[in-house]
Amino acid sequence: MTIKHFLKFNDLSASEIESIFDKAKWIKSKYKAYDKYWPLEDRTLVMIFEKASTRTRLSFESGMHQLGGAAIYLNTRDSQLGRGEPVEDAAQVISRMCDVVMIRTFEQDIIERFARNSRVPVINGLTNEYHPCQILADIFTFIEKRGSIKGKTVAWIGDSNNVCNTWLQAAELLDFNVHVSTPKGYEVELERAGLYSDDHFEQFDDPMDAAKGADIVTTDVWTSMGFESEKKERIKDFADWQVDTDMMKLANKDALFMHCLPAHRGEEVTSEVIDGSQSVVWEEAENRLHVQKALLEYLLLGSK
């Protein structure tokens with residue numbers, strides 16, 4: 001079997017993504033029924049963290065155990081990677097001692113270099129540029145609640161960060177639309193977003209215009225990890241890009257609110273929205289567990 005990596009959302013085809021969603025639905029039903037399912041018995045996942053995490057570590061570690069395998073946590077501060085060992089050398093060694101690797105780091109180049117030298121599949125647990133596992137969970141959540149996402153509209157309000165970039169890749173692959181509204185100076189960069197075209201997204205100066213008719217309204221923190229020095233400036237720049245009840249009223253009446261978490265109530269979203277009836281943030285968080293289990297199984301065993 002050819003080694004497949006999941007470093008960007010569009011590393012897999014639309015049919016592969018659909019297969020993962022189908023398997024995630026089945027895996028979730030087994031989980032809810034307390035039915036043992038161990039397709040990855042005796043397999044080992046190594047999780048390498050350079051950035052802090054709650055949901056990523058918990059979902060991957062729990063998920064691997066629930067599939068019958070084992071998960072090993074490595075922090076770059078506590079390994080030779082943190083002491084200057086070349087990424088290429090680390091990949092050669094680590095990939096000889098496990099079956100799959102998940103990395104949460106800063107620059108996308110780091111994970112790309114690791115994957116080029118790995119003998120096993122590598123999964124992007126988050127980089128500055130992309131967050132593909134999060135968007136797997138988000139789209140799976142929408143499918144659970146509303147059905148197919150094809151032809152739907154997602155309103156992205158705020159910073160054109162790694163999550164935004166991945167929504168744009170997903171839209172191109174799965175044929176839906178994204179309305180992006182960012183303050184001046186924070187617009188989408190096609191090359192950084194890894195897009196082939198701008199056919200599936202539109203940029204709006206006014207966030208209220210972006211939200212009109214949307215099926216999903218989603219956002220993220222205004223200051224992502226690694227940009228803490230810009231926090232004061234960003235709070236000022238993004239003041240008009242808060243998702244509130246007035247904005248949600250402009251979306252479709254059955255629109256869902258999403259947020260990858262952690263959230264800062266009173267900044268990018270109000271408490272009324274994130275804790276309101278249209279919010280599915282807790283379902284999103286749980287679904288990281290189920291889609292990642294389906295992803296792990298697919299990368300290791302293929303489609304069954």
Check [Y] with [X], please: is the shortest side-chain N to carboxylate O separation under 4.0 Å?
X	Y	answer
Glu297	Arg43	no
Lys25	Asp22	no
Arg234	Asp237	no

Report yes or no: does [X] contribute a side-chain atom to a donor-acceptor pair with the main-chain N or O of [Y] at less than 3.5 Å?
X	Y	answer
Gln108	Leu7	yes
Asn162	Thr127	yes
Asn161	Cys164	yes
Thr153	Asn177	no
Ser279	Asp275	no
Ser59	Thr56	yes

Hydrophobic cluster membership, with links at side-chain heavy-atom distances under 4.5 Å among I/L/V/M/F/W/Y: are [X] and [Y] in one?
X	Y	answer
Phe21	Tyr31	no
Met258	Val178	yes
Ile48	Val87	yes
Val188	Val217	no
Val180	Tyr130	no

Aromatic contact, Tyr298 with Phe6 (centres under 6.0 Å): no

Trp26 vs Tyr37, ring-ring contact (aromatic ring centres under 6.0 Å, His included): CA-CA, chis, key distance, verdict: CA-CA 11 Å; Trp26 185 83; Tyr37 180 59; 4.8 Å; yes

Full working for salt bridge (Lys or Arg N to Asp or Glu O under 4.0 Å) between Lys36 and Glu41: CA-CA 11 Å; Lys36 178 180 173 180; Glu41 190 171 8; 6.0 Å; no

Closest heavy-atom pair and its distance - [X], [Y]:
X	Y	answer
Gly194	Asn10	O-ND2, 3.5 Å
Asp205	Trp241	O-CZ2, 3.4 Å
Arg55	Pro262	NH2-CD, 3.0 Å
Val100	Met64	CG1-CE, 4.5 Å
Phe114	Ala90	CE1-C, 4.2 Å

Taking the side chain as everything from C-beta on, heavy atoms only, tell me whether [X] gets closer than 4.5 Å to [Y].
X	Y	answer
Leu40	Leu301	yes
Asp215	Leu256	no
Ile235	Glu267	yes

Pair Gln66-Lys293, side-chain hydrogen bond (donor to acceptor under 3.5 Å, both in side chains): steps then yes or no: CA-CA 8 Å; Gln66 289 167 20; Lys293 284 192 286 186; 2.7 Å; yes

Worked verdict on Tyr73 versus Glu61 for side-chain hydrogen bond (donor to acceptor under 3.5 Å, both in side chains): CA-CA 8 Å; Tyr73 172 83; Glu61 191 164 345; over 6 Å; no

Ring geometry between His179 and Phe204 (parallel below 30°, tilted from 30 to 60°, perpendicular above 60°): tilted

Audit row: His290, Phe140, ring-ring contact (aromatic ring centres under 6.0 Å, His included) steps and yes/no: CA-CA 9 Å; His290 306 303; Phe140 179 69; 7.5 Å; no

Arg119, CZ: over 12 other non-hydrogen atoms inside 6.0 angstrom: no

Within 6.0 Å of NZ in Lys145, more than 12 heavy atoms from elsewhere: no

Asn287 and Glu283: CA distance, side-chain angles, deciding distance, side-chain hydrogen bond (donor to acceptor under 3.5 Å, both in side chains) verdict: CA-CA 6 Å; Asn287 281 335; Glu283 290 90 338; over 6 Å; no

